[in-house]
Novice: 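This is the structure, below, for whatever I ask next.
Model, not experiment: these values are computed from the prediction.
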Amino acid sequence: MSNKNTFHLVSLGCAKNTVDSDSMAQLLVRDGYRAIDNPNQASVLIVNTCGFIGPAKEESLRVLGELAETKRDGQILIAAGCLTQRYGVEVAQKVPGIDGILGTRRWMDIVQVVTELRKTPHPEPLYHLPEVKTVGADEHEALRVSVAGASAYIKVADGCRRPCAFCAIPLIKGTAVSRPIEAIVNEAKKLRDAGVRELVLIAQDTTDYGHDLGLKDGLAVLLEQLTDSVPDVDWIRVMYAYPGYVTDRLIEAMATRKQILPYLDIPLQHAHPKTLYRMKRPSNIDWVHKTLGKMRSTIKDLSIRTTFIVGYPGETDEEFQTLMDFVEAMRFDRVGAFQFSFEPGTTSAPLGDPVPAEVKQERFERLMEAQQAISLQVNQTYVGKILNVLIEGFDNGISIGRSYRDAPEIDGMVFVEGQAKVGEMAPVRITGAMAYDLTGSIVPQPQVIRL
Ligand code: SF4
C-alpha cells in the first residue's frame with residue numbers, strides 16, 4: 001500500500017549530494033509531501049545518484065535497479081543527481097522502470113517533475129536536464145544545508161572551474177557558482193537558532209569561494225563575516241581547499257578566530273611534479289612545503305587531512321616512491337587514497353588507464369599501511385591532552401563523538417567512557433590512541449581549553 005503524498009529518498013555519494021537531497025526533501029515537504037523510510041509505502045521514490053567514479057556509478061545503478069524491480073503500480077521512480085546529469089539517457093535505458101530523470105543542476109525542479117509525472121502517465125521517462133550554468137538556486141528558498149545531530153553541512157558554492165584532468169565533476173556540475181554571503185550567513189543563523197554547534201562549509205573547491213562574485217580572498221571574507229555573525233556557534237570547519245589558493249588572509253583568519261577549527265582538508269592528489277603536471281594540477285611542491293609549514297607554525301594544533309590518487313596514467317615506480325617519501329616526511333594527520341578510475345570525456349582520457357589493477361592495488365595498500373603507522377603516532381601525541389568532543393551517540397556504555405580533528409563521516413571518532421549528552425561539547429581527557437580513533441574520559445570539572 002502506498003501512502004499518497006509520501007516520498008522515499010536515497011542519497012548516495014558525498015556530503016555535497018546530501019545537501020542537494022535535503023534541499024529536494026524540503027521542497028517536497030513544503031508541497032505537502034512526507035518523507036518515509038519504507039520504500040514500499042512511498043508514492044514517490046527518488047535516488048540522488050553519484051557519478052564520481054566507476055564504483056559509485058555501479059552503486060547508483062544497483063540501487064535504482066532494486067527499487068525499479070520492486071516498484072508497484074502507481075509508484076513513481078525518479079533518478080536525480082550527478083550520474084543522471086551526465087548519463088541520463090543511458091541510465092534510463094539501463095534501468096527500465098525509471099519515470100523521471102533529474103539532473104544535479106536541476107534538483108530544484110523536483111516538485112515540478114513529481115507533479116507532471118503524477119498528472120499524466122509517461123510511457124517514456126520525463127527528462128529534466130536543461131543545460132544551465134547556475135546551480136546556486138538560492139531563489140528557491142530551500143536551505144542549502146544538511147543537518148545531522150548538532151552538525152550541519154552548508155553548501156557555499158557548487159560546480160568547479162579547475163582543470164584537473166582525471167575529474168568529471170566540472171562536466172557534471174558546470175563551472176563554480178558561489179552563493180551570496182548574506183544567504184550563507186542567514187542559514188548559519190537559522191542553524192545556530194536550531195541548536196547546531198558545528199558548521200561544515202563545503203563546495204567542490206571552497207578556496208575558490210566568491211571568485212565569480214568578484215570577491216578577493218572570498219573564503220577568508222566569508223569566514224570573517226560568519227564568525228562575526230554567529231559568534232556563538234562553537235565550530236566552523238572548512239573542507240576541500242585547493243593547493244595554491246590557501247592565502248595569508250585565510251591562514252590569519254584560521255589562526256586568530258577561535259571558532260574556525262585548526263583543521264585543513266587539502267586534497268593534494270600526488271607529490272611528484274610530473275604526475276601532477278599530467279593531472280593538470282598545481283605541480284609546485286615547494287608551495288606545498290612552504291604553505292603547510294607556514295600554517296603549522298601559525299595555527300596552533302593544526303590537523304591536516306589530504307587525499308591522493310595512486311595508479312594515475314604514467315605513474316612510474318619512481319613517481320610513486322616520491323609520493324611515499326612525501327607522505328613519510330609530511331606526517332599528515334589523515335590521508336585518504338583512491339585508485340585511479342578512468343572517466344571517459346575527461347582530459348586524461350587520451351592517457352588511457354595503463355597502470356595494471358594489481359599495481360594500483362599494491363600501491364594503494366603500501367600507501368595506506370605507511371599512513372596508518374603515521375596516523376597512530378600522531379594520535380598518540382594527543383594522549384594526556386584534553387580535547388572538546390562533540391557527542392553524537394551512545395552505545396554499550398560508551399559515548400561517541402568527534403574532536404576538532406575529525407570531520408563528520410570521513411575522519412575518526414573519540415570513544416568516551418560513560419554517558420554524555422548527545423549534542424553536548426564535552427571536555428575529554430584522551431587516554432588511548434588507535435590508528436583512526438581516540439579513547440578518553442570526560443573531565444569532571446570545567447577546564448579552560450582552547451579547542
Ligand atoms: S578541484 Fe579538481 S578534483 Fe576537485 S572537483 Fe574541481 S576539477 Fe574535480
Novice: Nearest 0.5 Å please: distance from the OG1 atom of Thr346 over to the CD1 atom of Ile169.
Specialist: 11.5 Å
Novice: Check step by step if salt bridge (Lys or Arg N to Asp or Glu O under 4.0 Å) holds for Asp317 and Arg363.
Specialist: CA-CA 9 Å; Asp317 287 342; Arg363 290 179 181 172; 2.7 Å; yes
Novice: Under the side chain to side chain donor-acceptor pair (under 3.5 Å) rule, collect the residues that match up with Thr227, sequence neighbours excluded.
Specialist: Arg257
Novice: Under 3.5 Å, which donor-acceptor pairs do the side chains of residues 215-225 form with other protein atoms, sequence neighbours left out?
Specialist:
{"from": "Asp217", "atom 1": "OD1", "to": "Thr247", "atom 2": "OG1", "distance (Å)": "2.5"}
{"from": "Glu224", "atom 1": "OE1", "to": "Arg249", "atom 2": "NH2", "distance (Å)": "2.7"}
{"from": "Glu224", "atom 1": "OE2", "to": "Arg249", "atom 2": "NE", "distance (Å)": "2.9"}

Novice: Please check if any side-chain donor atom of Arg161 sits under 3.5 Å from a side-chain acceptor atom of Gln204, or the reverse.
Specialist: no
Novice: Between OH of Tyr245 and OG1 of Thr291, what distance do you get to the nearest 0.5 Å?
Specialist: 12.5 Å
Novice: Would you mind listing every ring pair (Phe, Tyr, Trp, His ring centres under 6.0 Å) that reaches into residues 267-301, with sequence neighbours excluded?
Specialist: His289-Phe326
Novice: Is it true that the side chains of Ser11 and Asn17 contain a donor and an acceptor less than 3.5 Å apart?
Specialist: no
Novice: Contact between Thr439 and Ile398 at the side-chain level, heavy atoms closer than 4.5 Å - yes or no?
Specialist: no
Novice: Is it true that Asp232 and Arg192 make a salt bridge, defined as a side-chain N closer than 4.0 Å to a carboxylate O?
Specialist: yes
Novice: Less than 4.5 Å apart, any side-chain heavy atom of Glu365 and any of Glu362?
Specialist: no
Novice: Tell me, please, whether Phe320 has Arg366 positioned over its six-membered ring: NZ or CZ under 6.0 Å from the ring centre and within 45 degrees of its axis?
Specialist: no
Novice: Who are the ring-ring contact (aromatic ring centres under 6.0 Å, His included) partners of Tyr312, not counting sequence neighbours?
Specialist: Phe340
Novice: Measure from the side-chain N and O atoms of Arg86 to the backbone N and O of Leu171, and report whether any donor-acceptor pair falls under 3.5 Å.
Specialist: no
Novice: Taking only residues two or more places apart in sequence or in another chain, which ones pass side chain to side chain donor-acceptor pair (under 3.5 Å) with Asp234?
Specialist: Arg197
Novice: Applying side chain to side chain donor-acceptor pair (under 3.5 Å), can you list everything that pairs with Asn284, at least two apart in sequence or on another chain?
Specialist: none
Novice: Without swapping roles, check the side chain of Ser146 against the backbone of Asp22 for a donor-acceptor pair under 3.5 Å.
Specialist: no
Novice: So does Lys274 pair up with Glu318, basic N to acidic O under 4.0 Å?
Specialist: no
Novice: Not counting sequence neighbours, which residues clear side chain to side chain donor-acceptor pair (under 3.5 Å) with Lys57? List them please.
Specialist: Glu343
Novice: So do the side chains of Leu27 and Trp107 get within less than 4.5 Å of each other, counting heavy atoms only?
Specialist: yes
Novice: Atom CD of residue position Gln380 - does it have more than 12 heavy atoms of other residues, nucleotides or ligands inside 6.0 Å?
Specialist: yes
Novice: Can you name the residues that form a ring-ring contact (aromatic ring centres under 6.0 Å, His included) with Phe364, not counting sequence neighbours?
Specialist: none
Novice: Check this for me, if you would: do Arg237 and Asp265 make a salt bridge, where the nitrogen-to-carboxylate-oxygen distance has to be below 4.0 angstrom?
Specialist: no
Novice: Any donor and acceptor pair, going by atom type alone, linking the side chain of Thr322 with main-chain N or O of Ala271 inside 3.5 Å?
Specialist: no
Novice: For the OH atom on Tyr87, are there more than 12 heavy atoms of other groups (residues, nucleotides or ligands in this structure) within a distance under 6.0 Å?
Specialist: yes
Novice: Would the distance check show the side chain of Ser441 and the main-chain N or O of Glu417 forming a donor-acceptor pair, the cut-off being under 3.5 Å?
Specialist: no
Novice: According to side-chain contact (heavy atoms from CB on, under 4.5 Å), who are the partners of Thr306, at least two apart in sequence or on a separate chain?
Specialist: Leu268, Phe308, Phe332, Val335
Novice: Please check this pair: side chain of Lys173 against backbone of Thr104, looking for a donor-acceptor N/O pair closer than 3.5 Å.
Specialist: no
Novice: Output every pair passing salt bridge (Lys or Arg N to Asp or Glu O under 4.0 Å) with a member in residues 373-393, not counting sequence neighbours, ordered by first then second residue.
Specialist: Glu392-Arg402
Novice: Using 0.5 Å steps for rounding, measure from the CZ atom of Arg331 to the CD1 atom of Ile304.
Specialist: 12.5 Å
Novice: What pairs with Asp37 under salt bridge (Lys or Arg N to Asp or Glu O under 4.0 Å), at least two apart in sequence or on another chain?
Specialist: none
Novice: Looking at Asp406 and Arg334, does any basic side-chain N land under 4.0 Å from a carboxylate oxygen?
Specialist: yes
Novice: Check side-chain contact (heavy atoms from CB on, under 4.5 Å) between Val147 and all other residues, then give those that pass, not counting sequence neighbours.
Specialist: Val145, Ala152, Leu191, Val196
Novice: Between Asp353 and Lys360, is any pair of side-chain heavy atoms under 4.5 Å apart?
Specialist: yes
